[in-house]
Amino acid sequence: MAWYRDSSSVVVAQEKPHWHKLYKPGQEVPHSGIFKCVGCKREITSNLGDPFPPQNHHQHTVQQGKIEWKLLVRTNTEGT
């Protein structure tokens, strides 16, 4: 889980489909933010339009399954 210091700066998001989608290595990042690997819980920051890290970014055990990224924190790049 991402850490934060000031809870007044955090807003609970409305329920939207992008919170539940899973993304594969190399796919285009749909929203700037923090993503968590569902298999090993490793977190990354990624920017809109960039590719997710390649398959060899980190390795999983068989028990962890395939590398898939899920949006954890969406950044407010519009300032609204």
Side-chain angles (χ1 to χ4, degrees):
M1 174 59 72
W3 297 292
Y4 60 89
R5 273 192 61 201
D6 181 3
S7 62
S8 68
S9 297
V10 179
V11 177
V12 176
Q14 295 177 351
E15 188 62 35
K16 295 200 176 186
H18 60 250
W19 294 112
H20 303 285
K21 288 186 180 178
L22 299 178
Y23 303 95
K24 296 178 181 171
Q27 273 188 294
E28 185 175 310
V29 175
H31 305 283
S32 295
I34 301 172
F35 292 80
K36 181 180 250 181
C37 180
V38 296
C40 69
K41 312 301 185 224
R42 183 179 300 221
E43 295 173 5
I44 58 165
T45 56
S46 293
N47 293 315
L48 172 69
D50 288 348
F52 281 102
Q55 182 70 31
N56 65 357
H57 173 260
H58 70 283
Q59 299 301 310
H60 277 189
T61 64
V62 174
Q63 293 80 14
Q64 291 172 322
K66 58 188 174 182
I67 296 172
E68 293 180 302
W69 301 102
K70 186 174 181 180
L71 183 61
L72 179 64
V73 177
R74 184 173 175 185
T75 54
N76 181 357
T77 58
E78 298 171 7
T80 56

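The model shown is predicted, which means the values in this text are computed figures rather than measured ones. These values consider heavy atoms only, across backbone and side chains, with no hydrogens, waters or symmetry-generated copies.
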Between atom OH of Tyr23 and atom NE2 of His18, what is the distance when rounded to the nearest 0.5 Å?
8.0 Å

Using the six-membered ring wherever Trp is involved, compare the ring planes of Trp69 and Phe52 and label them parallel, tilted or perpendicular (cut-offs 30° and 60°).
parallel

Just verifying a value: how many Å separate Arg42 CZ and Gln64 CD, rounded to the nearest 0.5 Å?
9.0 Å

Could you pull out the closest heavy-atom pair between Leu22 and Gln27, with the gap in Å?
O-OE1, 4.2 Å

Kindly give the heavy-atom pair with the smallest separation between Val29 and Pro51, and that separation in Å.
CG2-C, 4.0 Å

Hey, which of Glu43, His57, His60 is the one that makes side chain to side chain contact (heavy atoms under 4.5 Å, CB included) with Cys37?
His60

What distance separates Lys36 NZ from Leu71 CG, expressed to the nearest 0.5 Å?
12.0 Å

In Å, rounded to the nearest 0.5 Å, how long is the span from OG1 of Thr45 to CZ of Phe35?
10.0 Å

To the nearest 0.5 Å, tell me how far His31 NE2 sits from Thr75 OG1.
10.0 Å

Taking all non-hydrogen atoms of both residues into account, name the closest pair between His58 and Cys40 and its distance.
NE2-SG, 3.3 Å

For a side-chain contact (heavy atoms from CB on, under 4.5 Å) check, start with the C-alpha distance between Lys16 and Lys21, then their side-chain angles and the critical distance, and finish with the verdict.
CA-CA 10 Å; Lys16 295 200 176 186; Lys21 288 186 180 178; over 6 Å; no

Just how far is it from atom CD1 of Ile67 to atom NZ of Lys24, taken to the nearest 0.5 Å?
12.5 Å

Minimal non-hydrogen separation, Pro54 against Pro25, with atom names:
C-CB, 3.7 Å

